[in-house]
Colleague: 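Let me give you the structure first, and then I'll get to my questions.
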There are 2 protein chains.
Amino acid sequence: MTRNHGPSKELPLTDDDVAAPSHAERARTLVAGERTGALGTLTDDGFPYPSYVTFALFEGDPVFLVSQMASHTHNLEGDDRASLLVSEDVADDPLANGRVTLVGRCRPTDAVEVREAFLMRHPEASYYVDFKDFGFYRLAVDRIRYIGGYGRMSWVEAEAWQAARPDPIAESARGIIDHMNEDHADALVAYAQAFTRATWAERATMTAVDRFGFELSVETDDGPRPARIAFDTPLVEGPDARAAMVALLKRARAQLASSQGEA
Amino acid sequence: MTRNHGPSKELPLTDDDVAAPSHAERARTLVAGERTGALGTLTDDGFPYPSYVTFALFEGDPVFLVSQMASHTHNLEGDDRASLLVSEDVADDPLANGRVTLVGRCRPTDAVEVREAFLMRHPEASYYVDFKDFGFYRLAVDRIRYIGGYGRMSWVEAEAWQAARPDPIAESARGIIDHMNEDHADALVAYAQAFTRATWAERATMTAVDRFGFELSVETDDGPRPARIAFDTPLVEGPDARAAMVALLKRARAQLASSQGEA
């Protein structure tokens, strides 16, 4: 999930039941899209201690390559309770950024699959992975807190987290958004007029896209307001977006022409 | 402190005793330059729980405007032990980024100065600051962990943290670095030849600048290596950088001419 401004705190122009990723999928997509986070551990005297870490996901659990010299490693040796906070950094308004906190116990592992998953995500780590004071840890995720920005938050069930997969179009999202905003302002206005309550819309910006649909920020007299529009069917991969957008535009224009005929 | 690549993990081309900001000053500068961080609190069952927060600094302590509905507020009501992690996001290599963890007890405050400090840093919060479920907290900093990237780390004394001031040229640093790299590649090479062990340097990039001096990444046959060069006297404000750079360049060229004369 990529967006310019995050979910708005303003009243939406569409209903809540437009098809959208589950919070589990949104959380999983967000975490899969980042490589660093804040690992919370406990100091000897029981203070929570977040440190900056690199991580990879392995079977839904964050895995870390840590130095024996690091504070968090010392802390984990004393108490394995831990959490990882992963945040986006895409919105101008900081609190519109999505973030996920993964809570569980974090323990050493020498599973070769963990090593492979970490090095695939962090090839730059290959030069120190075999230093003898470095080792892998795995945080067994037990509780998941998802905050998608204003008014979009929940505790995600561990089973739902484990089952969820990152949105397959997440890596294409930025390109789709930029393309639509730069070259297809007219289509965005047509979507807004046909599929949201802003039938008089004159200006709309795409803020997010996922396999189920996309989000607009529509200019109104009361300022920008968000809207969500679903694709006819969920996309399987990024390149499907073009045909889905064209099909929606055709439907939007037919609907606008028909309602003009009625007027 | 602003830089492209952070302190390198490679062997430096200058001695360690070149004038530089203290770790207290570096940490204070880094924290003053950011507006968001990871606030670590403790869950009811004692797990460390980092959440994404906005903060401002007030007399060296981070202050927060939090909702009664937020997990961290619930956690702080149960246990006031807390930490704030603040990280830069400037380096391509994530572990070259600087970061600071501030540890202490975090308690509610209704001091009007805290409110003012927070709103000055976060004017966008003015629309919810008076909502009745929002209130201010202040983290009384007791321990300070500074990691400036590879091989630059320490625990900073609380007194040193409180006494330190952010580098007065921090806000100009990005502009100075870009200007030198774009328009004065020849000067950077002269500095490298005259003031570092790379007397044969042909290419150097400025990676950081602070009131005491600047850092170069110098191309060598073994890859890039870092160097630090001090100004003749510490700068008082950003605009002083130009004269200081020119003075150093004059000295570098004189020194290079004299050593060529000797050869």
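Throughout, a chain's letter reflects where its sequence line sits, starting with A, and its residues are numbered from 1.
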Colleague: So if I take each residue of residues 69-78 of chain A and look for any heavy atom under 4.5 Å from a heavy atom in chain B, which residues do I end up with?
Modeller: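 Those residues of residues 69-78 of chain A which have a heavy atom under 4.5 Å from chain B are A:Ser71.
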Colleague: For chain B, find its close neighbours in residues 52-64 of chain A: heavy-atom separation under 4.5 Å, sorted by number, or none.
Modeller: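 Only A:Tyr52, A:Thr54 of residues 52-64 of chain A have a heavy atom under 4.5 Å from chain B.
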Colleague: Looking at A:Thr43, A:Leu95, A:Asp89, which has the largest count of heavy-atom pairs under 4.5 Å with chain B?
Modeller: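 Looking at each of A:Thr43, A:Leu95, A:Asp89 in turn, A:Leu95 comes out on top.
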Colleague: Does A:Gln162, at its CD atom, have more than 12 non-hydrogen atoms belonging to other residues, nucleotides or ligands within less than 6.0 Å?
Modeller: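 Count over threshold, so yes.
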Colleague: With B:Thr14, which residues qualify under side-chain hydrogen bond (donor to acceptor under 3.5 Å, both in side chains), at least two apart?
Modeller: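 For B:Thr14 there are no side-chain hydrogen bond (donor to acceptor under 3.5 Å, both in side chains) partners, ignoring immediate neighbours.
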Colleague: Are B:Asp79 and A:Phe47 packed together at the side-chain level, in the sense that at least one heavy-atom pair is separated by less than 4.5 angstrom?
Modeller: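 No, their side chains stay 4.5 Å or more apart.
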Colleague: Closest approach of A:Pro48 and B:Ser83, non-hydrogen atoms and distance?
Modeller: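 That closest heavy-atom pairing would be O-OG, 2.5 Å.
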Colleague: Using every non-hydrogen atom in the two residues, find where B:Pro50 and A:Leu85 come nearest and quote the distance to one decimal.
Modeller: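 Closest heavy-atom pair between B:Pro50 and A:Leu85: O-CB, 3.7 Å.
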Colleague: Quick check on B:Asp17: does its CG atom have over 12 non-hydrogen neighbours (other residues, nucleotides or ligands) under 6.0 Å away?
Modeller: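 Buried by this count: over 12 neighbours within 6.0 Å.
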Colleague: Compare every heavy atom of B:Thr36 with every heavy atom of A:Pro94, then report the nearest pair and how far apart it is.
Modeller: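 So the minimum-distance heavy-atom pair works out to CB-CG2, 3.5 Å.
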Colleague: Which of residues 101-116 of chain A have a heavy atom under 4.5 Å from any heavy atom of chain B?
Modeller: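 Hits under 4.5 Å: A:Thr101, A:Val103, A:Gly104, A:Arg105.
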Colleague: Please report the closest heavy-atom contact between B:Arg143 and A:Asp45, naming both atoms and the distance.
Modeller: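 Taking B:Arg143 first and A:Asp45 second, the nearest heavy atoms are NH2-OD2, 3.0 Å.
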Colleague: Go through the atoms of A:Thr41 and report whether side chain, backbone, both or neither lie under 4.5 Å from a heavy atom of chain B.
Modeller: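 Interface part for A:Thr41: backbone (N, CA, C, O).
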Colleague: How about CD on A:Glu171, more than 12 heavy atoms from neighbouring residues, nucleotides or ligands closer than 6.0 Å, or not?
Modeller: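 No, the 6.0 Å shell around CD holds no more than 12 heavy atoms from other groups.
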Colleague: A quick test of your reading: do over 12 heavy atoms of other residues, nucleotides or ligands sit less than 6.0 Å from CZ of B:Arg203?
Modeller: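 At most 12 heavy atoms, drawn from other residues, nucleotides or ligands, come within 6.0 Å of this atom.
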Colleague: Heavy atoms only, distances under 4.5 angstrom: which of B:Ser51, B:Ala82, B:Gly37 has the most pairs with chain A? Name it, please.
Modeller: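 The answer is B:Ala82.
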